Amino acid sequence: MAPGTRSDVFDVRDYDLAATLTSGQAFRWRWDGAAWIGIVAGKWVGLRQTPTGIAATIAAGESSPQWLMDYLQVRVNLDQVVATFPDDEPMRRAVAACRGLRLLQQDPWECLASFILSSTKQIVQIRQIVTLLCERFGDEIAAPQGHPRAFSFPDPERLAGANETELRACKMGFRAPYLLEAARRVADARLDLEKLQTLASDQLQVLTSRTGGRRSAASLTEAPVDEARAMLMQLPGVGRKIADCVLLFAYGFQSAFPIDVWVENALQTLYFPKRRASRKRLRHFSETHFGPNAGFAQQYLFHYMRTVFGRETGKG
DNA sequence: AACCAGGACACAA
DNA sequence: TTGTGTCATGGT
């Protein structure tokens with residue numbers, strides 16, 4: 001173990017670290033030959049798979065890394081989640097191919113900003129843009145000896161003070177004004193990311209109680225997830241897909257079902273192979289077919305299409 | 001070397 | 001409602 005670090009082991013089964021960290025939900029993890037290196041909650045983190053779970057290396061002096069366990073969602077029982085998936089051939093194949101694939105719970109601002117930068121970009125390019133952004137606008141973080149310099153994800157206040165030209169220099173192109181405006185609105189509280197957190201809690205209340213929790217009369221007709229999505233979509237450059245990514249990957253709304261080109265292709269070819277289904281039909285299908293953990297199922301379809309299906313059919 | 005990428009948006013029809 | 005062009009950039 002490198003000096004100045006401490007090590008923790010999380011006992012968890014059915015956790016495929018590599019698949020989870022490279023499945024297009026987070027964009028800062030890299031494999032250095034011995035471990036997965038990333039930044040969580042502004043702290044340097046090294047992760048590697050062990051026979052009984054996950055070994056984590058963090059800076060010495062950190063308290064018990066509950067923040068890391070929350071991020072990794074190690075207490076989620078994957079068997080219970082998968083058991084709620086529909087019992088059909090496509091889902092069985094996806095689950096068999098991606099066993100151990102998990103959902104993370106990311107920082108909302110980093111997740112929102114990253115997915116604003118994701119539109120019409122390949123994952124490798126998103127990673128490149130985010131890396132540049134962090135190097136130029138983030139704060140340097142203490143990394144263990146022998147490791148490359150590490151940088152935090154720049155907070156909204158920092159980016160709100162940047163200009164569009166500086167942002168475009170990070171190769172984000174037409175997404176620069178979108179990111180800038182998002183940063184400004186979060187920085188001056190026109191968009192309250194904490195409020196979305198309370199809506200996520202409200203959504204859990206709705207699902208676990210019959211009374212609808214503590215929803216106010218004014219929002220009785222609208223589910224918390226819909227209210228949260230509408231708030232995100234107020235941002236320029238944030239449509240249904242990006243909003244759903246943030247709802248699912250940062251706030252844990254399990255009904256959020258991002259439909260990008262891959263997932264649309266998955267739904268179309270796996271579930272409607274005969275004739276072409278309309279977007280509206282696919283959207284309705286996604287909302288009715290995949291159960292209470294639809295977003296989780298979506299991640300299996302996405303990763304399955306990207307990693308396995310193309311090779312199976314030979315036309316990837 | 002065309003084609004496409006975890007899209008959004010304005011504008012047709 | 002669904003289709004088309006535009007936006008910027010780099011990988012395959």
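Residue numbering restarts at 1 for every chain, and letters A, B, ... go by the order of the sequence lines. Since the model is a prediction, treat every value here as computed from it, not as a measurement.
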Novice: Within the structure provided, determine whether A:Arg75 and A:Asp70 are in side-chain contact (heavy-atom separation under 4.5 Å).
Specialist: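 Yes, at least one pair of side-chain atoms sits under 4.5 Å.
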Novice: Looking across every strand, which nucleic acid part, if any, lies under 4.0 Å from A:Val263 by heavy atom: base, sugar-phosphate, or nothing?
Specialist: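 A:Val263: base contact, heavy atoms under 4.0 Å.
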Novice: Using atom P in both nucleotides, what's the gap between B:dC3 and C:dG5 to the nearest angstrom?
Specialist: 14 Å
Novice: Surrounding CZ of A:Arg279 (heavy atoms of other residues, nucleotides or ligands, distance under 6.0 Å), is the total greater than 12?
Specialist: no
Novice: Take the protein atom CD of A:Glu181 and the nucleotide atom P of B:dA8, then report the distance between them rounded to whole Å.
Specialist: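 That distance rounds to 17 Å.
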Novice: Just the rounded figure in Å: distance from C1' of C:dC7 to CD of A:Glu164.
Specialist: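 Between C1' of C:dC7 and CD of A:Glu164: 12 Å.
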Novice: Closer to the 5' end of DNA chain B via nearest nucleotide, is it A:Ile259 or A:Tyr178?
Specialist: A:Ile259
Novice: If only side-chain N and O atoms of A:Arg276 are considered, is one of them under 4.0 Å from the OP1 or OP2 phosphate oxygen of C:dG3?
Specialist: yes
Novice: Identify whether any heavy atom of A:Gly237 sits under 4.0 Å from a base atom; if not, whether one sits that close to sugar-phosphate; answer base, sugar-phosphate or nothing.
Specialist: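 Sugar-phosphate contact only.
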Novice: At 4.0 Å (heavy atoms only), tell me whether A:Ser114 reaches a base, stays on the sugar-phosphate, or touches nothing.
Specialist: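 No contact.
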Novice: Expressed in angstrom and rounded to an integer, what is the separation of A:Ile123 atom CD1 from B:dC4 atom P?
Specialist: 18 Å
Novice: Around atom CD of A:Glu194, are there more than 12 heavy atoms of other residues, nucleotides or ligands at under 6.0 Å?
Specialist: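 Result for CD/A:Glu194: open.
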Novice: Establish, with yes or no, whether the OP1 or OP2 oxygen of C:dT2 is under 4.0 angstrom from a side-chain nitrogen or oxygen of A:Ser278.
Specialist: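 True: A:Ser278 side-chain N/O within range (under 4.0 Å) of C:dT2 OP1/OP2.
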Novice: Taking only the P atom of each, what is the distance from B:dG6 to C:dT4 in whole angstrom?
Specialist: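 Looking at atom P only, B:dG6 and C:dT4 are 22 Å apart.
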Novice: Check whether any side-chain heavy atom of A:Cys170 sits under 4.5 Å from a side-chain heavy atom of A:Phe137, and report yes or no.
Specialist: yes
Novice: Just wondering, do A:Trp262 and B:dG6 stack (centres under 5.5 Å, planes under 30°)?
Specialist: no
Novice: Give the nucleotide from the list B:dG7, C:dT1, B:dG6 with an atom nearest to the side chain of A:Thr120.
Specialist: B:dG7
Novice: A quick test of your reading: do over 12 heavy atoms of other residues, nucleotides or ligands sit less than 6.0 Å from CD of A:Glu89?
Specialist: yes
Novice: Could you pick out which residue, A:Lys241 or A:Met233, lies toward the 5' side of DNA chain B when each is mapped onto its nearest nucleotide?
Specialist: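 Nearer the 5' end of the strand: A:Lys241.
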Novice: Mind calculating the distance between CD (A:Gln106) and C1' (B:dG6) to the nearest angstrom?
Specialist: 12 Å
Novice: Write down the distance between CG (A:Leu112) and P (B:dA8), rounded to a whole number of angstrom.
Specialist: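 Checked: the CG to P distance equals 12 Å.
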Novice: When we call it a touch if two heavy atoms are under 4.0 Å apart, what does A:Phe27 touch: a base, just sugar-phosphate, or nothing?
Specialist: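 Nothing, no nucleic acid heavy atom in range.
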Novice: So among A:Lys121, A:Arg127, A:Gln128, which one has a side chain to side chain donor-acceptor pair (under 3.5 Å) with A:Gln125?
Specialist: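 Only match with A:Gln125 under side chain to side chain donor-acceptor pair (under 3.5 Å): A:Lys121.
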Novice: Got a list of protein N/O to nucleotides 10-12 of chain C N/O distances below 3.5 Å?
Specialist:
from: C:dG10; atom 1: N3; to: A:Gln125; atom 2: NE2; distance (Å): 3.0
from: C:dG11; atom 1: O4'; to: A:Gln122; atom 2: NE2; distance (Å): 3.2
from: C:dG11; atom 1: O4'; to: A:Gln125; atom 2: NE2; distance (Å): 3.4

Novice: Using the six-membered ring wherever Trp is involved, compare the ring planes of A:Tyr178 and A:Phe174 and label them parallel, tilted or perpendicular (cut-offs 30° and 60°).
Specialist: perpendicular
Novice: Return the nearest nucleotide to the side chain of A:Arg279; candidates are B:dG7, C:dA8, C:dT2.
Specialist: C:dT2
Novice: Between atom CZ in A:Arg175 and atom P in C:dT6, what is the gap in whole Å?
Specialist: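 Going from CZ in A:Arg175 over to P in C:dT6 covers 17 Å.
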Novice: Looking at the base of B:dG6, is there any donor atom on it, or on the side chain of A:Gln298, that sits under 3.5 Å from an acceptor on the other one?
Specialist: yes
Novice: When you measure from every atom of DNA chain B, which of residues 129-137 of chain A have a heavy atom less than 4.0 Å away?
Specialist: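 Listed by number, there are none.
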Novice: Under 3.5 Å, is there an N or O donor on one side and an acceptor on the other linking the side chain of A:Gln299 and the base of B:dG6?
Specialist: yes
Novice: C:dC7 C1' sits how many Å from A:Leu167 CG, rounded?
Specialist: 16 Å
Novice: Taking atom CZ as the centre, does A:Arg6 end up with more than 12 heavy-atom neighbours from other residues, nucleotides or ligands that are less than 6.0 angstrom away?
Specialist: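 More than 12 within 6.0 Å, yes.
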Novice: Between A:Phe296 and A:Phe85, what is the ring plane arrangement, given parallel below 30°, perpendicular above 60°, and tilted in between?
Specialist: tilted
Novice: Take the angle between the ring planes of A:Tyr271 and A:Phe290 and call it parallel below 30°, perpendicular above 60°, tilted in between.
Specialist: perpendicular
Novice: Rounded to the Å, how far apart are A:Arg281 CZ and C:dT1 P?
Specialist: 16 Å
Novice: Start with the C-alpha gap between A:Arg229 and A:Asp226, add the side-chain angles, then the distance that decides, and say whether salt bridge (Lys or Arg N to Asp or Glu O under 4.0 Å) holds.
Specialist: CA-CA 5 Å; A:Arg229 182 184 294 114; A:Asp226 295 319; 3.0 Å; yes
